[in-house]
Number of protein chains: 2
Amino acid sequence: MHGTFEQNDLALGPLYKRVKTLLVEGLARGDWQPNGAIPSESRLAEQYNVSIGTIRKAIDELVAEKILVRQQGRGTFVAAHGEDRFLYHFFHIVGSDRVKHFPVAKLLSFKKVRADALVAERLGLTRNDRVIQIQNVLWLEGKAIEVDTIYLSSALFADLTREIFVSRPSTIYQLYQVRYGLNVIRTTERLRAAAARADEAAVLEIPEGAPVLEIERIAFTYSDAPIEFRVSRVNTAQHVYLNDLDRMP
Amino acid sequence: MHGTFEQNDLALGPLYKRVKTLLVEGLARGDWQPNGAIPSESRLAEQYNVSIGTIRKAIDELVAEKILVRQQGRGTFVAAHGEDRFLYHFFHIVGSDRVKHFPVAKLLSFKKVRADALVAERLGLTRNDRVIQIQNVLWLEGKAIEVDTIYLSSALFADLTREIFVSRPSTIYQLYQVRYGLNVIRTTERLRAAAARADEAAVLEIPEGAPVLEIERIAFTYSDAPIEFRVSRVNTAQHVYLNDLDRMP
DNA sequence: AAGTGGTCTAGACCACCAT
DNA sequence: TGGTGGTCTAGACCACTTA
(Lines give C-alpha, C1' and ligand atoms only; values in the text may rest on other atoms or scores of the structure.)
Protein backbone atom coordinates (compact mmCIF):
# COMPACT_ATOMS: atom_id res chain seq x y z
CA MET A 1 0.00 0.00 0.00
CA HIS A 2 1.48 3.32 -0.99
CA GLY A 3 1.36 6.55 0.94
CA THR A 4 -1.60 8.89 0.86
CA PHE A 5 -1.18 12.13 -1.04
CA GLU A 6 -3.03 14.85 0.87
CA GLN A 7 -6.56 15.13 -0.43
CA ASN A 8 -5.32 14.50 -3.92
CA ASP A 9 -4.99 10.77 -4.39
CA LEU A 10 -6.68 10.54 -7.77
CA ALA A 11 -4.94 8.27 -10.24
CA LEU A 12 -3.18 10.86 -12.38
CA GLY A 13 -0.11 8.85 -13.23
CA PRO A 14 2.85 7.89 -11.07
CA LEU A 15 3.27 9.61 -7.75
CA TYR A 16 6.76 10.86 -8.52
CA LYS A 17 5.47 12.55 -11.68
CA ARG A 18 2.90 14.41 -9.61
CA VAL A 19 5.60 15.43 -7.15
CA LYS A 20 7.67 16.63 -10.07
CA THR A 21 4.76 18.70 -11.34
CA LEU A 22 4.32 20.26 -7.92
CA LEU A 23 7.99 21.16 -7.82
CA VAL A 24 7.91 22.70 -11.30
CA GLU A 25 4.83 24.69 -10.33
CA GLY A 26 6.65 25.95 -7.27
CA LEU A 27 9.60 26.95 -9.42
CA ALA A 28 7.39 28.72 -11.96
CA ARG A 29 5.68 30.53 -9.06
CA GLY A 30 9.03 31.64 -7.72
CA ASP A 31 8.75 29.79 -4.40
CA TRP A 32 12.51 29.27 -4.51
CA GLN A 33 14.98 31.69 -6.03
CA PRO A 34 17.60 30.82 -8.62
CA ASN A 35 20.78 29.73 -6.85
CA GLY A 36 18.69 29.19 -3.73
CA ALA A 37 18.07 25.83 -2.11
CA ILE A 38 14.80 23.96 -2.31
CA PRO A 39 13.72 22.14 0.86
CA SER A 40 15.72 19.05 1.75
CA GLU A 41 14.58 15.70 0.46
CA SER A 42 13.45 14.57 3.89
CA ARG A 43 11.46 17.77 4.44
CA LEU A 44 9.77 17.41 1.04
CA ALA A 45 8.98 13.78 1.84
CA GLU A 46 7.18 14.94 5.00
CA GLN A 47 5.36 17.80 3.29
CA TYR A 48 4.05 15.66 0.47
CA ASN A 49 3.54 12.53 2.57
CA VAL A 50 5.59 10.35 0.28
CA SER A 51 8.75 8.36 0.80
CA ILE A 52 12.13 9.91 0.26
CA GLY A 53 12.77 7.60 -2.68
CA THR A 54 9.80 9.06 -4.52
CA ILE A 55 11.09 12.59 -3.91
CA ARG A 56 14.49 11.56 -5.17
CA LYS A 57 13.05 10.15 -8.37
CA ALA A 58 11.19 13.41 -9.06
CA ILE A 59 14.32 15.45 -8.38
CA ASP A 60 16.40 13.03 -10.48
CA GLU A 61 14.41 14.03 -13.56
CA LEU A 62 14.61 17.74 -12.82
CA VAL A 63 18.36 17.40 -12.41
CA ALA A 64 18.59 15.53 -15.74
CA GLU A 65 16.69 18.42 -17.35
CA LYS A 66 19.13 20.86 -15.74
CA ILE A 67 16.37 22.64 -13.85
CA LEU A 68 17.82 21.69 -10.46
CA VAL A 69 21.38 21.04 -9.33
CA ARG A 70 22.36 18.69 -6.51
CA GLN A 71 25.32 19.29 -4.24
CA GLN A 72 26.18 16.52 -1.83
CA GLY A 73 26.23 17.69 1.75
CA ARG A 74 24.78 21.12 0.88
CA GLY A 75 21.38 20.70 -0.71
CA THR A 76 19.52 20.93 -3.99
CA PHE A 77 19.48 24.28 -5.80
CA VAL A 78 17.58 26.04 -8.53
CA ALA A 79 19.77 26.24 -11.62
CA ALA A 80 20.74 29.85 -12.27
CA HIS A 81 22.19 31.48 -15.33
CA GLY A 82 25.82 32.50 -15.24
CA GLU A 83 28.81 32.30 -17.51
CA ASP A 84 29.39 28.61 -16.82
CA ARG A 85 25.89 27.50 -17.64
CA PHE A 86 25.81 29.81 -20.65
CA LEU A 87 28.97 28.31 -22.08
CA TYR A 88 28.00 24.79 -21.24
CA HIS A 89 24.43 24.67 -22.47
CA PHE A 90 23.58 27.71 -24.55
CA PHE A 91 26.67 28.71 -26.50
CA HIS A 92 28.07 26.34 -29.07
CA ILE A 93 30.55 28.44 -31.02
CA VAL A 94 34.14 27.49 -30.52
CA GLY A 95 37.42 28.40 -32.16
CA SER A 96 39.99 26.09 -33.66
CA ASP A 97 41.51 25.49 -30.22
CA ARG A 98 38.26 23.67 -29.27
CA VAL A 99 38.13 25.63 -26.01
CA LYS A 100 35.01 27.58 -25.14
CA HIS A 101 35.51 31.23 -24.37
CA PHE A 102 32.97 33.68 -23.07
CA PRO A 103 32.14 36.22 -25.80
CA VAL A 104 32.09 39.99 -25.43
CA ALA A 105 28.79 41.55 -26.54
CA LYS A 106 28.43 45.05 -27.97
CA LEU A 107 25.04 46.64 -28.52
CA LEU A 108 24.25 47.71 -32.09
CA SER A 109 20.64 48.83 -31.72
CA PHE A 110 17.65 48.73 -29.37
CA LYS A 111 14.24 49.40 -30.91
CA LYS A 112 10.55 48.90 -30.24
CA VAL A 113 8.94 47.46 -33.35
CA ARG A 114 5.95 45.41 -34.47
CA ALA A 115 6.11 41.65 -34.88
CA ASP A 116 6.22 40.39 -38.43
CA ALA A 117 4.77 37.01 -39.34
CA LEU A 118 7.94 35.06 -38.46
CA VAL A 119 8.57 36.70 -35.11
CA ALA A 120 4.91 36.41 -34.15
CA GLU A 121 4.85 32.73 -34.98
CA ARG A 122 8.03 31.94 -33.07
CA LEU A 123 7.01 33.86 -29.94
CA GLY A 124 3.40 32.70 -29.95
CA LEU A 125 2.14 36.23 -30.61
CA THR A 126 -0.01 37.69 -33.37
CA ARG A 127 1.20 39.97 -36.16
CA ASN A 128 1.77 43.58 -35.23
CA ASP A 129 2.08 42.84 -31.53
CA ARG A 130 4.65 45.08 -29.90
CA VAL A 131 8.09 43.55 -29.57
CA ILE A 132 11.53 44.77 -28.59
CA GLN A 133 14.26 44.23 -31.16
CA ILE A 134 17.86 44.20 -29.96
CA GLN A 135 20.95 43.80 -32.12
CA ASN A 136 24.26 42.68 -30.69
CA VAL A 137 27.70 41.91 -32.01
CA LEU A 138 29.59 39.12 -30.30
CA TRP A 139 33.36 39.20 -30.14
CA LEU A 140 35.56 36.21 -29.51
CA GLU A 141 39.31 36.44 -29.10
CA GLY A 142 39.39 39.96 -30.47
CA LYS A 143 37.25 39.30 -33.54
CA ALA A 144 33.61 40.06 -34.34
CA ILE A 145 32.21 36.65 -35.18
CA GLU A 146 28.46 36.85 -34.71
CA VAL A 147 25.57 39.29 -35.14
CA ASP A 148 22.50 38.55 -33.02
CA THR A 149 19.01 39.93 -33.48
CA ILE A 150 16.86 39.32 -30.42
CA TYR A 151 13.09 39.67 -30.21
CA LEU A 152 11.21 39.93 -26.93
CA SER A 153 7.50 40.40 -26.30
CA SER A 154 6.90 43.93 -24.99
CA ALA A 155 4.15 42.49 -22.83
CA LEU A 156 6.60 40.28 -20.91
CA PHE A 157 9.44 42.81 -20.80
CA ALA A 158 7.34 45.94 -20.34
CA ASP A 159 9.86 48.19 -18.60
CA LEU A 160 12.97 47.04 -20.43
CA THR A 161 15.04 49.97 -21.70
CA ARG A 162 18.31 50.31 -23.52
CA GLU A 163 19.95 51.43 -20.28
CA ILE A 164 18.71 48.46 -18.30
CA PHE A 165 19.83 46.17 -21.09
CA VAL A 166 23.38 47.47 -21.37
CA SER A 167 23.91 47.54 -17.61
CA ARG A 168 22.90 43.91 -17.27
CA PRO A 169 24.86 41.23 -15.46
CA SER A 170 27.19 39.17 -17.58
CA THR A 171 24.65 37.05 -19.47
CA ILE A 172 21.36 38.07 -21.05
CA TYR A 173 19.53 35.09 -19.65
CA GLN A 174 20.63 36.24 -16.21
CA LEU A 175 18.84 39.53 -16.87
CA TYR A 176 15.64 37.72 -17.80
CA GLN A 177 15.97 35.66 -14.66
CA VAL A 178 16.78 38.23 -12.01
CA ARG A 179 14.71 41.13 -13.32
CA TYR A 180 11.73 39.38 -14.90
CA GLY A 181 11.67 36.06 -13.07
CA LEU A 182 11.91 34.24 -16.39
CA ASN A 183 14.24 31.28 -16.20
CA VAL A 184 15.30 29.93 -19.59
CA ILE A 185 15.45 26.17 -19.22
CA ARG A 186 15.41 24.93 -22.81
CA THR A 187 16.01 26.08 -26.37
CA THR A 188 15.33 24.80 -29.85
CA GLU A 189 17.53 25.80 -32.73
CA ARG A 190 17.27 25.70 -36.52
CA LEU A 191 20.49 26.07 -38.47
CA ARG A 192 21.11 26.88 -42.10
CA ALA A 193 23.76 28.38 -44.31
CA ALA A 194 23.09 31.82 -45.79
CA ALA A 195 24.86 34.59 -47.65
CA ALA A 196 26.03 37.59 -45.65
CA ARG A 197 23.99 40.74 -46.18
CA ALA A 198 25.79 44.06 -46.62
CA ASP A 199 25.21 45.27 -43.05
CA GLU A 200 26.43 42.14 -41.32
CA ALA A 201 29.28 41.70 -43.77
CA ALA A 202 30.56 45.12 -42.74
CA VAL A 203 30.35 44.26 -39.04
CA LEU A 204 31.93 40.83 -39.42
CA GLU A 205 34.55 42.13 -41.85
CA ILE A 206 33.78 39.59 -44.53
CA PRO A 207 32.74 40.11 -48.15
CA GLU A 208 29.06 40.61 -48.86
CA GLY A 209 27.60 37.27 -49.94
CA ALA A 210 30.16 35.25 -47.99
CA PRO A 211 28.65 32.16 -46.34
CA VAL A 212 27.45 32.63 -42.77
CA LEU A 213 25.82 30.18 -40.39
CA GLU A 214 22.32 31.27 -39.40
CA ILE A 215 20.94 30.04 -36.08
CA GLU A 216 17.28 30.61 -35.26
CA ARG A 217 16.75 30.02 -31.56
CA ILE A 218 13.63 29.97 -29.44
CA ALA A 219 14.21 30.04 -25.67
CA PHE A 220 11.58 28.55 -23.38
CA THR A 221 10.85 28.86 -19.71
CA TYR A 222 8.83 26.43 -17.56
CA SER A 223 5.84 24.80 -19.28
CA ASP A 224 7.37 25.43 -22.70
CA ALA A 225 6.38 29.08 -22.87
CA PRO A 226 8.59 30.90 -25.43
CA ILE A 227 10.17 34.05 -24.09
CA GLU A 228 12.88 34.95 -26.58
CA PHE A 229 13.39 34.57 -30.31
CA ARG A 230 16.88 35.13 -31.62
CA VAL A 231 18.52 34.99 -35.01
CA SER A 232 22.31 34.70 -34.98
CA ARG A 233 24.53 34.99 -38.02
CA VAL A 234 27.97 33.60 -37.49
CA ASN A 235 31.19 33.89 -39.44
CA THR A 236 32.35 30.28 -39.36
CA ALA A 237 35.57 30.85 -41.28
CA GLN A 238 37.59 30.37 -38.07
CA HIS A 239 34.93 29.00 -35.72
CA VAL A 240 32.46 26.13 -35.66
CA TYR A 241 29.19 25.24 -34.01
CA LEU A 242 29.79 22.24 -31.75
CA ASN A 243 27.09 19.67 -31.18
CA ASP A 244 27.98 16.82 -28.85
CA LEU A 245 24.94 14.60 -28.81
CA ASP A 246 23.82 12.29 -26.05
CA ARG A 247 26.68 13.22 -23.74
CA MET A 248 26.39 12.05 -20.16
CA PRO A 249 28.75 13.12 -17.38
CA MET B 1 25.78 -3.89 4.91
CA HIS B 2 25.75 -4.14 1.16
CA GLY B 3 25.94 -7.25 -0.94
CA THR B 4 29.20 -8.90 -1.83
CA PHE B 5 30.38 -8.59 -5.40
CA GLU B 6 31.94 -11.89 -6.39
CA GLN B 7 35.66 -11.76 -5.76
CA ASN B 8 35.73 -8.17 -6.86
CA ASP B 9 34.69 -6.02 -3.92
CA LEU B 10 37.42 -3.42 -4.17
CA ALA B 11 36.24 0.12 -3.63
CA LEU B 12 36.15 1.29 -7.25
CA GLY B 13 33.27 3.70 -6.97
CA PRO B 14 29.56 3.01 -6.57
CA LEU B 15 28.33 -0.51 -7.08
CA TYR B 16 25.82 0.46 -9.76
CA LYS B 17 28.61 2.10 -11.78
CA ARG B 18 30.56 -1.13 -11.69
CA VAL B 19 27.47 -3.04 -12.76
CA LYS B 20 27.04 -0.55 -15.60
CA THR B 21 30.63 -1.10 -16.69
CA LEU B 22 30.09 -4.86 -16.70
CA LEU B 23 27.00 -4.44 -18.86
CA VAL B 24 28.80 -2.17 -21.33
CA GLU B 25 31.66 -4.63 -21.51
CA GLY B 26 29.18 -7.39 -22.27
CA LEU B 27 27.62 -5.26 -25.00
CA ALA B 28 31.00 -4.43 -26.52
CA ARG B 29 31.87 -8.13 -26.43
CA GLY B 30 28.63 -8.96 -28.22
CA ASP B 31 27.15 -11.07 -25.41
CA TRP B 32 23.71 -9.80 -26.45
CA GLN B 33 22.71 -9.00 -29.99
CA PRO B 34 21.15 -5.73 -31.13
CA ASN B 35 17.38 -5.97 -30.82
CA GLY B 36 17.90 -8.93 -28.50
CA ALA B 37 17.01 -8.96 -24.82
CA ILE B 38 19.53 -8.75 -22.04
CA PRO B 39 18.83 -10.93 -18.97
CA SER B 40 15.95 -9.82 -16.79
CA GLU B 41 16.63 -7.49 -13.90
CA SER B 42 16.04 -10.22 -11.33
CA ARG B 43 18.40 -12.60 -13.14
CA LEU B 44 21.11 -9.94 -13.34
CA ALA B 45 20.60 -9.22 -9.64
CA GLU B 46 21.27 -12.89 -8.88
CA GLN B 47 24.25 -13.17 -11.22
CA TYR B 48 25.97 -10.10 -9.84
CA ASN B 49 24.88 -10.68 -6.23
CA VAL B 50 23.37 -7.23 -6.06
CA SER B 51 19.91 -5.98 -5.24
CA ILE B 52 17.47 -5.33 -8.04
CA GLY B 53 17.45 -1.61 -7.27
CA THR B 54 21.15 -1.43 -8.04
CA ILE B 55 20.65 -3.22 -11.34
CA ARG B 56 17.84 -0.82 -12.19
CA LYS B 57 20.00 2.20 -11.53
CA ALA B 58 22.72 0.88 -13.83
CA ILE B 59 20.17 0.15 -16.57
CA ASP B 60 18.54 3.55 -15.99
CA GLU B 61 21.72 5.27 -17.13
CA LEU B 62 22.20 3.02 -20.14
CA VAL B 63 18.61 3.74 -21.16
CA ALA B 64 19.21 7.48 -20.76
CA GLU B 65 22.24 7.11 -23.05
CA LYS B 66 20.06 5.23 -25.55
CA ILE B 67 22.23 2.15 -25.38
CA LEU B 68 19.41 0.01 -23.98
CA VAL B 69 15.64 0.20 -24.43
CA ARG B 70 13.11 -0.92 -21.82
CA GLN B 71 9.76 -2.42 -22.70
CA GLN B 72 7.40 -3.04 -19.87
CA GLY B 73 6.25 -6.63 -19.66
CA ARG B 74 8.72 -7.78 -22.33
CA GLY B 75 12.24 -7.08 -21.21
CA THR B 76 15.23 -4.80 -21.81
CA PHE B 77 16.76 -4.75 -25.27
CA VAL B 78 19.95 -3.67 -26.97
CA ALA B 79 19.23 -0.56 -29.03
CA ALA B 80 19.51 -1.37 -32.72
CA HIS B 81 19.80 0.87 -35.72
CA GLY B 82 16.79 1.22 -37.96
CA GLU B 83 14.92 4.00 -39.71
CA ASP B 84 13.24 5.19 -36.51
CA ARG B 85 16.41 5.53 -34.50
CA PHE B 86 18.20 7.06 -37.48
CA LEU B 87 15.57 9.75 -37.88
CA TYR B 88 15.23 10.35 -34.19
CA HIS B 89 18.87 10.57 -33.14
CA PHE B 90 21.16 10.79 -36.13
CA PHE B 91 19.40 12.77 -38.86
CA HIS B 92 18.56 16.39 -38.20
CA ILE B 93 17.61 17.74 -41.60
CA VAL B 94 13.98 18.61 -41.96
CA GLY B 95 11.91 20.43 -44.57
CA SER B 96 9.63 23.37 -44.07
CA ASP B 97 6.81 21.05 -43.00
CA ARG B 98 8.89 20.26 -39.87
CA VAL B 99 8.25 16.55 -40.40
CA LYS B 100 11.16 14.17 -40.59
CA HIS B 101 11.33 12.00 -43.66
CA PHE B 102 13.70 9.17 -44.38
CA PRO B 103 16.10 10.18 -47.15
CA VAL B 104 16.96 8.17 -50.25
CA ALA B 105 20.70 7.61 -50.69
CA LYS B 106 22.44 7.18 -54.04
CA LEU B 107 26.05 6.12 -54.30
CA LEU B 108 28.38 8.49 -56.14
CA SER B 109 31.72 6.79 -55.60
CA PHE B 110 33.46 4.08 -53.58
CA LYS B 111 37.25 4.26 -53.37
CA LYS B 112 40.16 3.02 -51.31
CA VAL B 113 42.43 5.92 -50.50
CA ARG B 114 45.02 7.08 -47.97
CA ALA B 115 44.11 9.15 -44.94
CA ASP B 116 45.05 12.80 -45.10
CA ALA B 117 45.86 14.72 -41.94
CA LEU B 118 42.23 15.63 -41.18
CA VAL B 119 40.80 12.15 -41.69
CA ALA B 120 43.61 10.57 -39.72
CA GLU B 121 43.08 12.91 -36.80
CA ARG B 122 39.31 12.40 -36.70
CA LEU B 123 39.51 8.61 -36.92
CA GLY B 124 42.45 8.26 -34.54
CA LEU B 125 44.70 6.93 -37.31
CA THR B 126 48.01 8.12 -38.70
CA ARG B 127 48.58 9.78 -42.05
CA ASN B 128 48.59 7.51 -45.06
CA ASP B 129 46.74 4.75 -43.28
CA ARG B 130 44.36 2.97 -45.64
CA VAL B 131 40.79 4.22 -45.53
CA ILE B 132 37.64 3.68 -47.56
CA GLN B 133 36.07 6.81 -49.01
CA ILE B 134 32.40 6.68 -49.96
CA GLN B 135 30.38 9.47 -51.51
CA ASN B 136 26.60 9.55 -51.35
CA VAL B 137 23.85 11.88 -52.44
CA LEU B 138 20.83 12.12 -50.18
CA TRP B 139 17.42 12.87 -51.65
CA LEU B 140 14.49 14.22 -49.69
CA GLU B 141 11.06 14.67 -51.20
CA GLY B 142 12.37 14.31 -54.71
CA LYS B 143 15.29 16.71 -54.37
CA ALA B 144 19.02 16.16 -53.90
CA ILE B 145 19.75 18.05 -50.69
CA GLU B 146 22.96 16.64 -49.27
CA VAL B 147 26.29 15.23 -50.42
CA ASP B 148 28.04 12.98 -47.90
CA THR B 149 31.67 11.90 -47.90
CA ILE B 150 32.27 9.01 -45.53
CA TYR B 151 35.63 7.74 -44.32
CA LEU B 152 36.11 4.33 -42.73
CA SER B 153 39.27 2.69 -41.49
CA SER B 154 40.19 -0.16 -43.85
CA ALA B 155 41.44 -2.06 -40.84
CA LEU B 156 38.00 -2.13 -39.23
CA PHE B 157 36.04 -2.65 -42.45
CA ALA B 158 38.51 -4.95 -44.18
CA ASP B 159 36.15 -6.84 -46.47
CA LEU B 160 33.81 -3.99 -47.34
CA THR B 161 33.17 -3.70 -51.05
CA ARG B 162 31.04 -1.48 -53.20
CA GLU B 163 28.62 -4.36 -53.72
CA ILE B 164 28.23 -5.03 -50.01
CA PHE B 165 27.73 -1.34 -49.41
CA VAL B 166 24.99 -0.80 -51.97
CA SER B 167 23.11 -3.94 -50.98
CA ARG B 168 23.00 -2.86 -47.35
CA PRO B 169 19.90 -2.75 -45.17
CA SER B 170 18.14 0.58 -45.00
CA THR B 171 20.59 2.52 -42.86
CA ILE B 172 24.36 2.63 -43.03
CA TYR B 173 24.72 2.30 -39.27
CA GLN B 174 22.70 -0.90 -39.52
CA LEU B 175 25.35 -2.24 -41.88
CA TYR B 176 28.11 -1.41 -39.42
CA GLN B 177 26.11 -3.12 -36.73
CA VAL B 178 25.02 -6.35 -38.36
CA ARG B 179 28.07 -7.02 -40.51
CA TYR B 180 30.88 -5.61 -38.38
CA GLY B 181 29.41 -5.72 -34.89
CA LEU B 182 30.05 -2.00 -34.52
CA ASN B 183 27.16 -0.27 -32.81
CA VAL B 184 27.20 3.52 -33.20
CA ILE B 185 25.99 4.92 -29.90
CA ARG B 186 27.09 8.55 -30.04
CA THR B 187 28.20 11.23 -32.46
CA THR B 188 29.82 14.63 -32.26
CA GLU B 189 29.21 17.20 -34.93
CA ARG B 190 30.88 20.43 -36.02
CA LEU B 191 28.86 22.74 -38.23
CA ARG B 192 29.89 25.65 -40.40
CA ALA B 193 28.75 27.53 -43.44
CA ALA B 194 30.73 27.10 -46.63
CA ALA B 195 30.58 27.90 -50.33
CA ALA B 196 29.50 25.12 -52.68
CA ARG B 197 32.28 23.68 -54.79
CA ALA B 198 31.68 23.02 -58.47
CA ASP B 199 31.12 19.27 -58.09
CA GLU B 200 28.61 19.47 -55.27
CA ALA B 201 26.90 22.49 -56.84
CA ALA B 202 26.19 20.38 -59.90
CA VAL B 203 24.75 17.53 -57.84
CA LEU B 204 22.65 19.79 -55.62
CA GLU B 205 21.55 21.94 -58.55
CA ILE B 206 22.66 25.18 -56.98
CA PRO B 207 25.12 27.80 -58.26
CA GLU B 208 28.78 27.27 -57.52
CA GLY B 209 29.67 29.33 -54.46
CA ALA B 210 26.14 29.20 -53.04
CA PRO B 211 26.10 28.79 -49.25
CA VAL B 212 25.90 25.21 -47.99
CA LEU B 213 25.84 23.86 -44.46
CA GLU B 214 28.84 21.67 -43.72
CA ILE B 215 28.51 19.02 -41.01
CA GLU B 216 31.59 17.15 -39.84
CA ARG B 217 30.50 14.13 -37.87
CA ILE B 218 32.45 11.55 -35.93
CA ALA B 219 30.51 8.43 -34.95
CA PHE B 220 31.62 6.48 -31.88
CA THR B 221 30.93 3.00 -30.60
CA TYR B 222 31.32 1.76 -27.03
CA SER B 223 34.23 3.23 -25.07
CA ASP B 224 34.35 6.26 -27.35
CA ALA B 225 36.18 4.54 -30.16
CA PRO B 226 35.65 6.44 -33.44
CA ILE B 227 34.48 4.26 -36.31
CA GLU B 228 33.26 6.68 -38.96
CA PHE B 229 34.14 10.19 -40.08
CA ARG B 230 31.67 11.90 -42.35
CA VAL B 231 31.47 15.30 -44.00
CA SER B 232 28.02 16.34 -45.18
CA ARG B 233 27.27 19.36 -47.30
CA VAL B 234 23.65 20.37 -47.24
CA ASN B 235 21.60 22.70 -49.38
CA THR B 236 19.65 24.53 -46.68
CA ALA B 237 17.65 26.71 -49.04
CA GLN B 238 14.51 24.67 -48.33
CA HIS B 239 15.65 22.61 -45.33
CA VAL B 240 17.12 23.24 -41.89
CA TYR B 241 19.20 21.40 -39.31
CA LEU B 242 17.05 20.96 -36.21
CA ASN B 243 18.61 20.94 -32.77
CA ASP B 244 16.22 20.43 -29.88
CA LEU B 245 18.36 20.63 -26.79
CA ASP B 246 17.75 19.04 -23.42
CA ARG B 247 14.55 17.33 -24.55
CA MET B 248 13.14 14.71 -22.20
CA PRO B 249 10.21 12.45 -23.02
C1' DA C 1 27.79 17.11 15.66
C1' DA C 2 24.02 17.83 12.77
C1' DG C 3 22.17 18.00 8.32
C1' DT C 4 22.44 17.13 3.47
C1' DG C 5 22.55 14.26 -0.62
C1' DG C 6 24.37 9.36 -2.37
C1' DT C 7 24.19 4.39 -2.22
C1' DC C 8 22.30 -0.05 -1.27
C1' DT C 9 19.09 -3.28 0.30
C1' DA C 10 14.54 -5.87 0.79
C1' DG C 11 10.03 -6.46 -0.04
C1' DA C 12 5.35 -5.30 -1.67
C1' DC C 13 2.26 -4.39 -5.23
C1' DC C 14 0.97 -2.77 -9.97
C1' DA C 15 0.78 -2.70 -15.20
C1' DC C 16 1.79 -4.99 -19.10
C1' DC C 17 2.91 -8.88 -22.24
C1' DA C 18 3.15 -13.47 -23.74
C1' DT C 19 1.31 -18.10 -23.64
C1' DT D 1 -0.71 -17.71 -15.53
C1' DG D 2 3.97 -16.53 -15.01
C1' DG D 3 7.46 -13.35 -16.14
C1' DT D 4 8.82 -8.70 -17.16
C1' DG D 5 9.57 -3.93 -16.09
C1' DG D 6 7.42 0.20 -13.14
C1' DT D 7 6.32 2.24 -8.75
C1' DC D 8 6.54 2.92 -3.87
C1' DT D 9 7.99 2.20 0.66
C1' DA D 10 11.21 1.81 4.79
C1' DG D 11 15.39 1.68 6.76
C1' DA D 12 20.47 1.43 7.02
C1' DC D 13 24.80 3.32 6.21
C1' DC D 14 28.16 6.35 3.68
C1' DA D 15 30.27 10.87 2.00
C1' DC D 16 30.33 15.45 2.24
C1' DT D 17 29.54 20.24 4.03
C1' DT D 18 28.86 23.50 7.55
C1' DA D 19 29.04 25.38 11.88
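Just so you know, these numbers come straight off a predicted model, no measurement behind them. Quick note on labels: first sequence line is chain A, next is B, and so on, each numbered from 1.
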Item to check | Whole-Å distance separating the CD atom of B:Glu41 from the P atom of C:dT9 | outcome: 14 Å
Checklist entry - To the nearest Å, how far apart are A:Ile52 CD1 and C:dC8 C1'? => result 14 Å
Next on the checklist: Which residues in residues 70-78 of chain B have a heavy atom closer than 4.0 Å to any atom of DNA chain C?
Outcome noted: B:Gln72, B:Gly73, B:Arg74
Checklist entry - How many Å lie between CG on A:Asn49 and C1' on D:dT9, as a whole number? => result 13 Å
Next on the checklist: Using whole Å, what does the distance between atom P of nucleotide C:dT9 and atom CD of B:Glu46 come to?
Outcome noted: 14 Å
Next on the checklist: With rounding to the nearest 0.5 angstrom, report the CD to CZ distance, A:Glu228 to A:Phe220.
Outcome noted: 11.0 Å
Checklist entry - Which residues satisfy the ring pair (Phe, Tyr, Trp, His ring centres under 6.0 Å) test with A:His239, sequence neighbours excluded? => result none
Item to check | Interatomic distance, A:Leu44 CG vs C:dT4 P [rounded to whole Å] | outcome: 10 Å
Checklist outcome for this item: Rounded to whole Å, CD of B:Glu61 lies from C1' of C:dT7 at a distance of 12 Å
Checklist entry - Pick the nucleotide of DNA chain D nearest each of A:Gly53 and B:Arg56; which residue has the one closer to the 5' end? => result B:Arg56
Item to check | ring pair (Phe, Tyr, Trp, His ring centres under 6.0 Å) partners for B:Tyr176, two or more places apart | outcome: B:Phe157, B:Tyr173
Checklist outcome for this item: Quick note, salt bridge (Lys or Arg N to Asp or Glu O under 4.0 Å) partners involving residues 70-90 of chain A, not counting sequence neighbours, are A:Glu41-A:Arg70, A:Asp60-A:Arg70
Next on the checklist: From CD1 of B:Ile55 over to C1' of C:dA10, roughly how many Å is that when rounded to an integer?
Outcome noted: 15 Å
Item to check | Option among B:Ile38, B:Thr54, B:Val19 that satisfies the side-chain contact (heavy atoms from CB on, under 4.5 Å) test with B:Ile59 | outcome: B:Ile38
Checklist entry - Would you say a side-chain N or O of B:Lys57 is under 4.0 Å from OP1 or OP2 of C:dC8? => result no
Next on the checklist: At less than 4.0 Å, is any side-chain N or O atom of A:Ser40 found next to OP1 or OP2 of C:dT4? Yes or no.
Outcome noted: yes
Checklist entry - Taking only residues two or more places apart in sequence, or in another chain, which ones meet B:Phe86 in a ring pair (Phe, Tyr, Trp, His ring centres under 6.0 Å)? => result B:Phe91, B:Phe102
Next on the checklist: Tell me the interatomic distance from B:Leu68, atom CG, to D:dT4, atom C1', rounded to whole angstroms.
Outcome noted: 15 Å
Checklist entry - Does B:Thr54 have a side-chain nitrogen or oxygen under 4.0 Å from the phosphate oxygens OP1 or OP2 of C:dT7? => result no
Checklist entry - Between B:Arg43 and D:dG3, does any side-chain N or O lie under 4.0 Å from OP1 or OP2? => result no
Checklist entry - What residues form a side chain to side chain donor-acceptor pair (under 3.5 Å) with A:Arg43, not counting sequence neighbours? => result none
